[in-house]
Amino acid sequence: MKNIALILLILFTIPMLAQEEISLEKCYNLVTTNYPLAKQHELLAKQNSLDIETIKTEKLPSIDLAGQATYQSDVIEFPFSIPNITVEPLNKDQYKATLNVNQLIYAGGVVNATIELKKANLKTQQKEVDVSLYSLKNKINQVYFSIILLQEKTALLTSKIKQLEAKLSEIKAGIQYGIILPASDQVLEAEILIIEQQMLETNLNRTSLISTLSSLIGKKLDNAIKLEKPSYNLNFASTIQRPELNLFELRKEQINKTEVLTKKSKAPKLVGFAQGGYGNPGLNMLDNSFQTYYIVGLKLNWNVFDWNANKKQRQSLKINKDIIDNTSEVFQLNTNIELEQQKSEIEKITSFIATDKTIIELRKKVLATAASQLKHGVITSSAYITELTNLYEAENNLSTHQTLLLMSKANYQVTKGL
C-alpha cells in the first residue's frame with residue numbers, strides 16, 4: 001500500500017516542480033487563431049479579391065470571335081430585269097467570321113458601387129467568423145475551470161493522504177504499546193486506498209479534459225500542465241462590447257452599399273462597339289463574293305420607366321435596416337438580462353465562500369479534538385476518519401466555490417465582451 005501511495009505522490013507532485021503553465025487569456029488567443037474556423041478569414045479575403053478583380057474587368061473591352069456558315073432555302077432576287085445589266089443571284093450558302101469589341105464608356109458608377117458592396121460583404125462575413133470564434137470562449141471557460149477544479153481536488157486529496165499516513169504511524173505505535181485497539185490501523189489503510197482510487201479517477205478525468213482543451217485551442221498540452229487562475233476586477237457599470245454589435249453595424253453598412261448600387265443601376269449605360277468581319281456576302285449584298293468589312297458605333301441603354309421597381313427595392317432595404325436595429329435591441333436586452341443573472345450568481349457564491357471559511361475553522365477544531373481522542377484510545381479510527389472527511393468536504397466546498405466564482409467572473413467578462 002505504501003508503494004502505491006508513493007507512486008501516486010510522485011505522479012502528482014514531482015511533475016509540478018517543472019511543469020508548464022498556461023493562462024486562460026492564452027487559450028482565448030489560441031482558439032481564435034488555431035481553431036479550423038479561423039482559416040475562413042483568409043479564404044474569404046482571397047475569394048473577395050478574385051471577385052473584385054472579376055468585377056473590374058467590366059471596365060475593360062470585351063472581345064468576341066464568332067463564325068457562322070449557313071445554307072438557306074431562298075435568297076433575295078430582283079423582281080424585274082434591267083436592260084444590259086446582269087445581276088448575279090446570291091449564293092444560298094453563306095459564310096461569316098466576325099471579331100466584336102465592346103467597351104463600356106459610362107454606367108453611372110455601377111462597377112465601383114459593386115466593388116464597394118463586395119468589400120462590405122467581406123467585412124460582414126469575416127465579422128460573422130469572429131462572432132462564431134468568440135462564442136467558443138464559453139466552451140473554453142467550461143473546460144478550463146473544470147480542469148482547475150480537478151487540480152484543486154487532487155491537491156486536497158494529496159493533503160488528506162499525507163495526514164492519514166502521519167496518523168497511521170501514530171496508530172501503529174499506539175497499537176504496539178497497547179494504548180489503541182488492534183485493527184484500528186486497518187481502517188486508516190482502507191481509507192487511504194479509497195483516496196488513491198479517487199485520485200486515479202480525478203487524474204483520468206483531468207487527462208480527458210486536457211485533451212478536449214488541446215483540440216479547442218489547436219495546441220498539444222501535456223497532462224502535467226498547470227492552468228493559471230485568472231484574476232478579475234469587474235466593472236458592472238461598463239457597457240456591452242460584444243462583436244455581435246459590430247456585426248449589426250456592418251450589416252447596416254452592407255445594406256447602405258446595396259442601396260447605392262440599386263440607385264446607380266437606374267443610370268443609362270453607354271457602350272462603344274466595333275465589328276470587323278470577313279464573309280460572303282459582306283455588307284454589300286449585291287457583291288456575291290468574300291469581302292472584308294467593319295462597323296463602329298455607340299449603343300445606349302436606359303430603362304426610363306420600371307414601374308417603380310427600383311424605388312420599392314430601396315424601400316425594402318430600409319426596412320431591412322430597421323429589422324437589424326430591432327435585432328440589435330433585442331440582443332442587448334437579452335444580454336443585459338443574462339449579465340444581471342450572472343452578477344447575482346457572483347454575489348451568491350461570494351457569500352458562500354465567507355461561510356465556507358467559517359465552517360473550515362470549526363471543522364479544524366473538531367478534528368484536532370478527535371485526533372487527540374484517537375491518540376489516547378477514546379474514539380475509534382472510524383470516528384476520526386469521519387471528522388477528517390468532514391473537514392475535507394468543507395475545504396473541497398471552499399475550493400469549488402472559489403473556482404466557480406472565477407468561472408462566473410470569466411463568463412461575465414465574455415458575456416459583456418470585455
Side-chain angles (χ1 to χ4, degrees), residues 8-43 128-159 196-234 241-244 338 342 345-346 349 395-418:
L8 284 172
L9 287 174
I10 292 174
L11 287 174
F12 288 106
T13 60
I14 297 300
M16 303 289 285
L17 297 176
Q19 67 185 164
E20 182 186 359
E21 292 187 356
I22 192 169
S23 66
L24 180 60
E25 191 64 31
K26 179 68 173 178
C27 290
Y28 287 161
N29 293 335
L30 288 173
V31 77
T32 56
T33 55
N34 294 344
Y35 197 74
L37 184 63
K39 296 178 181 178
Q40 288 193 17
H41 262 285
E42 184 178 354
L43 293 174
E128 287 172 349
V129 174
D130 290 339
V131 168
S132 298
L133 290 173
Y134 188 84
S135 66
L136 291 173
K137 287 187 175 182
N138 287 316
K139 181 68 173 177
I140 293 291
N141 285 348
Q142 181 182 355
V143 177
Y144 189 93
F145 289 103
S146 295
I147 295 174
I148 288 182
L149 277 173
L150 295 177
Q151 282 182 184
E152 297 300 310
K153 185 177 181 180
T154 298
L156 288 173
L157 288 171
T158 302
S159 176
E196 288 172 351
Q197 287 181 334
Q198 293 174 347
M199 290 181 70
L200 180 59
E201 180 183 10
T202 301
N203 185 51
L204 292 175
N205 291 338
R206 185 175 182 276
T207 299
S208 176
L209 287 172
I210 288 176
S211 176
T212 301
L213 184 60
S214 297
S215 299
L216 285 172
I217 65 176
K219 178 183 179 181
K220 179 64 178 176
L221 300 177
D222 189 84
N223 288 337
I225 193 168
K226 180 181 179 182
L227 275 61
E228 298 177 7
K229 292 182 180 180
S231 59
Y232 296 101
N233 184 19
L234 297 182
Q241 300 177 27
R242 289 280 291 272
E244 287 89 342
E338 186 177 357
Q342 291 175 343
E345 183 71 12
I346 290 171
I349 297 174
E395 291 176 335
N396 187 57
N397 286 339
L398 174 61
S399 175
T400 299
H401 287 146
Q402 288 174 334
T403 302
L404 289 177
L405 179 61
L406 288 177
M407 183 170 70
S408 297
K409 289 181 176 180
N411 289 337
Y412 186 89
Q413 293 281 80
V414 170
T415 302
K416 181 155 281 192
L418 301 178

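Because the structure is a prediction, the values reported are computed rather than measured.
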K229: salt bridge (Lys or Arg N to Asp or Glu O under 4.0 Å) partners, not counting sequence neighbours: E152
side-chain contact (heavy atoms from CB on, under 4.5 Å) between I349 and E345, intermediate numbers included: CA-CA 6 Å; I349 297 174; E345 183 71 12; 3.7 Å; yes
Within 6.0 angstrom of Y35 OH, more than 12 heavy atoms from elsewhere: no
Greater than 12 external heavy atoms within 6.0 Å of Q241's CD: yes
Quick one: pull up [atom1] in [X] and [atom2] in [Y] and give me the separation to the nearest 0.5 Å.
X: N203; Y: L150; atom1: CG; atom2: CG; result: 9.5 Å
X: N411; Y: Q342; atom1: CG; atom2: CD; result: 5.5 Å
X: M407; Y: F145; atom1: CE; atom2: CZ; result: 7.5 Å
X: L398; Y: T403; atom1: CG; atom2: OG1; result: 9.0 Å

Is a side-chain donor or acceptor of [X] paired with a backbone partner of [Y] at a separation under 3.5 angstrom?
X: T158; Y: T154; result: yes
X: S211; Y: T207; result: no
X: S399; Y: E395; result: no
X: S132; Y: E128; result: yes

Can you give each donor-acceptor pair under 3.5 Å made by side-chain atoms of residues 217-224, sequence neighbours left out, with the distance rounded to 0.1 Å?
{"from": "D222", "atom 1": "OD2", "to": "A224", "atom 2": "N", "distance (Å)": "2.8"}

For H41, all residues meeting ring pair (Phe, Tyr, Trp, His ring centres under 6.0 Å), sequence neighbours excluded: none
Ring pair (Phe, Tyr, Trp, His ring centres under 6.0 Å) partners of Y412, counting only residues at least two apart: F236
E228: side chain to side chain contact (heavy atoms under 4.5 Å, CB included) partners, not counting sequence neighbours: E21, S23, Y144
Partners passing side chain to side chain contact (heavy atoms under 4.5 Å, CB included) against N29 (at least two apart in sequence or in another chain): E25
For residues [X] and [Y], report the shortest heavy-atom separation together with the two atoms involved.
X: R206; Y: I147; result: NE-CG2, 4.0 Å
X: I22; Y: C27; result: CD1-SG, 3.9 Å
X: L227; Y: I148; result: CB-CG1, 3.9 Å

Worked check of side-chain contact (heavy atoms from CB on, under 4.5 Å) between I346 and L234: CA-CA 11 Å; I346 290 171; L234 297 182; 3.7 Å; yes
Find out whether [X] and [Y] are in side-chain contact, i.e. whether some heavy atom of one side chain is under 4.5 Å from a heavy atom of the other.
X: H401; Y: L405; value: no
X: L133; Y: L136; value: yes
X: L37; Y: V129; value: yes

Criterion side-chain contact (heavy atoms from CB on, under 4.5 Å) on L149 and T400, from CA distance to verdict: CA-CA 6 Å; L149 277 173; T400 299; 4.0 Å; yes
Among L418, L24, N141, side-chain contact (heavy atoms from CB on, under 4.5 Å) partner for Q413: L418
